[in-house]
Amino acid sequence: MKLSTFLLLLCAIFILQDRAFGGEYTSEECSAIVKRWEGHAISQLSELSEDRHTELKELLYFLHVPRTGGRTFHQCLLRNLYPREQLCNHSYDKLRFNAKSHCRLLVSHDDYSILSTLPVRSISIVTNLRHPVDRVFSAYEFTVEVAARFLRPALRSKVDALKASKMASSTLMIWPWSIFVPWMRDDLYERGKHRISSAQEKTSPEGFSNYNASAFVMPFHEFIHQHLVTDNIHNGEAFQIAGLTSNSYTKGAEKIRRCIVHHPHLGAHVLNVAKMRLDKMIFVGLTEKHEDSAKAFAHIVAKQIHAREEPIISTTQRSPSAVSELRNSASDNATGFAKQALTVDGLIRAYEKCSGRLRSIQAEHRIVSLKHSLPISFSEEARLGVPEQILEEIKKLSALDLDLFEYVQHRFKQQSSVYNSSQNNISQQHATRNLTTEINIIKGQNMINEGLQRGFGYTKLVLISVLYLMAIGVVVSIGKFVLSARRPAR
């Protein structure tokens, strides 16, 4: 009797839990839940000024969507916008924002709901998005790379000590890697035990695929269908902009997310909110256009920061002394680039140099992590071996992200056209100035030539007149001499 009662209670708990996650909610019930959230989210957007979202506010928040190149964008560009004392406290593992500190740049993996803890009216938001297929690939590769570090004998017995280390604070303590890395690490352990028990070879067999090496690591086609991936990676960009991730401050976020997973047609409401929020951001970049994104954003904020007498000055206003000062100034931050009198061109050059360095370091870390742990290697070339069917599955599983990415692509083209137009105007102004200068120089030369010509003509006239007078004088003198010679002597 007691056992049956316990089983009934256990079933009731599972049913209630499933309802809480949206599994048993009807389409109508979920529709009401999602629409209620959508209405509240849209009403909050009214707090952001309609015509001033392109103005740089007192606080710049970088909403860092995982695996979109955010580390490069942050370390190689955003950090160079402000002096070190104006950078907010490290907040990737947990929010450490203090309004009294008057910091100017905040960066984290939090979703949009973090604004509920910050002074909304004084914030500008910038973010980057990436094509969902490439982002899922990157999430898989990074999870395996970091988890593989624990396969090294030196780390296997020091997991607890590692959690308190600097490396752990940059991976194991940060969402979503705080979820993914331990999960993948345990999977790698189990596969390793199975290889040992079954005496399988440690080297890659014939016909081996880096993304389908089931003897060593969870295959990519299995990874994309895992519950953790569905809940945190697929449509993760849309959920992060909507403020509905598993790391959200939004009340009932998990219930709303589950409703959308079980009733995909409700995703249109998420897209509606996400697009409206993107339109309120000061800038939205693309990972696939990271250099163009950095250049466009640098030009957008440069004049605004310069107006506040910050370190950056406009390229059209720089002086030779400022350029010299930039080249000779010393390093001021972790990336090794100067901030004093930094021009927009200098900022972009610094970004290009820093991003190249970071990519090299990251590639080296990946090679080292996998070389000593797993006989696999991830690369753009290796991705080409993944069947097209799997790529199509990712697109279906990440349909919201794909729609949002296409929307941002269109927005980015508009931003780029405005940027290119402004650059063309500046170039035309420079060309007009140069042409005007050349015309003035030519006019000046013509005036000088005309003056010289006029001067030479006047001199010639005077010279001829003098010669004429001298000739008359000579003729008169000769005439007098002749007349005096003909007179008879007295």
Side-chain angles (χ1 to χ4, degrees), residues 53-54 56 60-81 105 107-112 124-142 233-242 245 270-271 273-302 344 347-356 358-359 362 380 383 391 394-395 397-423:
H53 63 276
T54 56
L56 185 63
L60 177 62
Y61 174 55
F62 176 42
L63 195 156
H64 182 177
V65 178
R67 310 316 299 165
T68 59
R71 181 184 177 188
T72 302
F73 195 75
H74 169 215
Q75 293 192 4
C76 298
L77 179 65
L78 298 182
R79 284 176 61 89
N80 283 330
L81 295 176
L105 176 64
V107 182
S108 79
H109 274 321
D110 290 287
D111 63 26
Y112 198 93
S124 291
I125 305 171
V126 58
T127 192
N128 286 326
L129 296 187
R130 186 177 191 177
H131 193 285
V133 172
D134 292 329
R135 184 171 173 269
V136 173
F137 265 116
S138 183
Y140 173 74
E141 294 163 357
F142 184 74
I233 301 298
H234 294 312
N235 297 318
E237 293 176 298
F239 284 137
Q240 195 159 350
I241 303 301
T245 66
V270 174
L271 286 174
V273 172
K275 290 175 182 178
M276 291 178 69
R277 286 177 171 173
L278 288 171
D279 288 339
K280 294 286 188 178
M281 294 184 183
I282 189 171
F283 185 79
V284 180
L286 292 173
T287 305
E288 289 76 5
K289 300 280 187 181
H290 68 95
E291 287 190 3
D292 292 336
S293 297
K295 291 177 182 179
F297 184 67
H299 281 274
I300 286 173
V301 300
V344 174
L347 187 69
I348 293 171
R349 285 195 300 271
Y351 172 83
E352 292 171 346
K353 185 175 181 180
C354 173
S355 61
L358 268 184
R359 282 195 295 270
Q362 290 167 350
E380 294 287 341
R383 289 183 185 182
L391 306 185
I394 296 174
K395 291 178 182 179
L397 292 167
S398 299
L400 299 182
D401 277 1
L402 188 60
D403 188 303
L404 198 65
F405 178 78
E406 291 172 353
Y407 178 80
V408 171
Q409 273 189 312
H410 177 69
R411 173 192 163 108
F412 186 80
K413 287 180 181 178
Q414 291 180 327
Q415 290 176 324
S416 298
S417 64
V418 172
Y419 162 68
N420 292 331
S421 176
S422 65
Q423 290 302 105

Mind checking what makes salt bridge (Lys or Arg N to Asp or Glu O under 4.0 Å) contact with E288, not counting sequence neighbours?
-> none

Any residue meeting salt bridge (Lys or Arg N to Asp or Glu O under 4.0 Å) with R71, in chain and number order, not counting sequence neighbours | none

Contacts of H64 that satisfy side-chain hydrogen bond (donor to acceptor under 3.5 Å, both in side chains) - sequence neighbours left out | Y92

Report the residues that fulfil ring pair (Phe, Tyr, Trp, His ring centres under 6.0 Å) with F283, sequence neighbours left out, ordered by chain and then residue number.
-> F297

What pair of heavy atoms forms the shortest contact from R411 to M281, and how long is it?
-> NH2-O, 3.1 Å

Those residues that, when tested against N128, pass side chain to side chain contact (heavy atoms under 4.5 Å, CB included) (two or more places apart) = F62, T68, F73

Which distance, rounded to the nearest 0.5 Å, do you find between the CG of N80 and the NE2 of H74?
-> 10.0 Å

What residues form a ring pair (Phe, Tyr, Trp, His ring centres under 6.0 Å) with F137, not counting sequence neighbours?
-> Y211, F220

How about Y407 and D279: does a side-chain donor come under 3.5 Å of a side-chain acceptor?
-> yes

Please name all residues satisfying salt bridge (Lys or Arg N to Asp or Glu O under 4.0 Å) with K289, sequence neighbours left out, ordered by chain then number.
-> none

Without swapping roles, check the side chain of R135 against the backbone of P66 for a donor-acceptor pair under 3.5 Å.
-> yes

Partners of A238 by side chain to side chain contact (heavy atoms under 4.5 Å, CB included), sequence neighbours excluded?
-> V270, L400, D401, L404

Counterpart residues, side-chain hydrogen bond (donor to acceptor under 3.5 Å, both in side chains), relative to D403 (two or more places apart) = K275

With sequence neighbours excluded, residues passing side-chain hydrogen bond (donor to acceptor under 3.5 Å, both in side chains) with H290 = Y351

Under the side chain to side chain contact (heavy atoms under 4.5 Å, CB included) test, residues paired with A139 that sit two or more places apart | R67, W177, I233

Not counting sequence neighbours, which residues clear side-chain hydrogen bond (donor to acceptor under 3.5 Å, both in side chains) with R383? List them please.
-> E141

